[in-house]
Amino acid sequence: MTKQQLIETLATETNTTKRQVDHTLTTLVTIIERTVAKGEKVSITGFGTFDLGKRAARRGVNPQTKEEIHIPEMAMPRFRAGKRLKETLR
């Protein structure tokens, strides 16, 4: 499902306009991004948790030159599904 399809479905099921749903969805995503970027968790009970994980530094290989390179540690966004979502998908 694309963002546009999600907006259309939400607008239909909540009997609101697509413009209102788009604004709400965009605001929700922005809040989640901002909160996770600060290193905090966003938990939606039953759905899941968004948080920030770390990917350890490692060695890699440049595919063009075959030269070994160092890839630094980096922060990665994570999502862990909640109990209700897991049970729904079983």
Side-chain angles (χ1 to χ4, degrees):
M1 175 178 277
T2 64
K3 180 180 177 183
Q4 192 58 40
Q5 291 169 329
L6 178 61
I7 289 169
E8 290 172 9
T9 303
L10 276 168
T12 301
E13 291 189 18
T14 60
N15 198 27
T16 55
T17 67
K18 290 180 190 178
R19 177 178 245 167
Q20 289 171 321
V21 172
D22 181 38
H23 176 71
T24 302
L25 183 59
T26 301
T27 303
L28 173 66
V29 169
T30 301
I31 291 168
I32 292 171
E33 288 173 346
R34 187 175 52 226
T35 304
V36 171
K38 289 191 289 186
E40 300 174 21
K41 291 181 181 180
V42 176
S43 295
I44 303 172
T45 304
F47 181 69
T49 302
F50 297 90
D51 66 353
L52 197 57
K54 299 272 186 201
R55 180 177 283 178
R58 62 193 192 280
R59 292 183 185 164
V61 177
N62 181 332
Q64 292 179 340
T65 64
K66 308 297 184 212
E67 178 184 348
E68 191 173 282
I69 58 173
H70 173 74
I71 302 171
E73 179 181 273
M74 60 188 333
M76 299 294 295
R78 290 190 305 190
F79 174 76
R80 287 180 285 167
K83 183 178 179 181
R84 191 175 69 209
L85 179 59
K86 288 179 185 177
E87 288 173 357
T88 300
L89 299 177
R90 287 187 183 151

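Computed from a prediction, not measured in an experiment: that's the story for all the values here.
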Margin query: Through direct or indirect side-chain contacts below 4.5 angstrom among Ile, Leu, Val, Met, Phe, Trp and Tyr, which residues connect to Met76?
Written below: Met74
Item checked: salt bridge (charged side-chain N to carboxylate O under 4.0 Å, His left out) pairs, two or more places apart, involving residues 43-52 -> Asp51-Arg78, Asp51-Arg80
Check: Which pairs, with at least one residue in residues 6-27 and sequence neighbours excluded, count as a ring pair (Phe, Tyr, Trp, His ring centres under 6.0 Å)?
Finding: none
Less than 3.5 Å apart, which donor and acceptor atoms pair up between the side chains of residues 4-14 and the rest of the protein, not counting sequence neighbours?
| residue | atom | partner | partner atom | Å |
| --- | --- | --- | --- | --- |
| Gln5 | OE1 | Thr2 | N | 2.8 |
| Gln5 | OE1 | Thr2 | OG1 | 3.4 |
| Thr9 | OG1 | Gln5 | O | 2.9 |
| Thr12 | OG1 | Glu8 | O | 2.9 |
| Thr14 | OG1 | Leu10 | O | 2.5 |
| Thr14 | OG1 | Thr16 | OG1 | 2.9 |

Checklist line | Exercise: identify the closest heavy-atom pair between Thr49 and Ser43 | finding: OG1-OG, 3.4 Å
Note to self: I need the Glu87 CD to Arg84 CZ distance, nearest 0.5 Å.
What the structure shows: 9.5 Å
Item checked: Selection residues 64-76 - residue pairs positive for salt bridge (charged side-chain N to carboxylate O under 4.0 Å, His left out), sequence neighbours left out -> Arg59-Glu68
Check: Which pairs with one or both residues in residues 56-77 pass ring pair (Phe, Tyr, Trp, His ring centres under 6.0 Å), sequence neighbours excluded?
Finding: none
Notebook entry, point to check: Who pairs with Asp22 by salt bridge (Lys or Arg N to Asp or Glu O under 4.0 Å), at least two apart in sequence or on another chain?
Noted result: Lys3
Check: Residues two or more places apart in sequence or in another chain: which of them pass side chain to side chain contact (heavy atoms under 4.5 Å, CB included) with Arg19?
Finding: Thr17
Item checked: Partners meeting side chain to side chain donor-acceptor pair (under 3.5 Å) with Thr24 (sequence neighbours left out) -> none
Next item on the list: Kindly write out the residues that satisfy ring pair (Phe, Tyr, Trp, His ring centres under 6.0 Å) with Phe79, not counting sequence neighbours, or none if the list is empty.
Entry: Phe47, Phe50
Scan the side chains in residues 32-41 for donor-acceptor partners under 3.5 Å anywhere in the protein, sequence neighbours excluded, and list what turns up.
| residue | atom | partner | partner atom | Å |
| --- | --- | --- | --- | --- |
| Thr35 | OG1 | Ile31 | O | 2.8 |

Item checked: Contacts of type side chain to side chain contact (heavy atoms under 4.5 Å, CB included), residue Asn62, not counting sequence neighbours -> Gln64, Thr65, Ile69
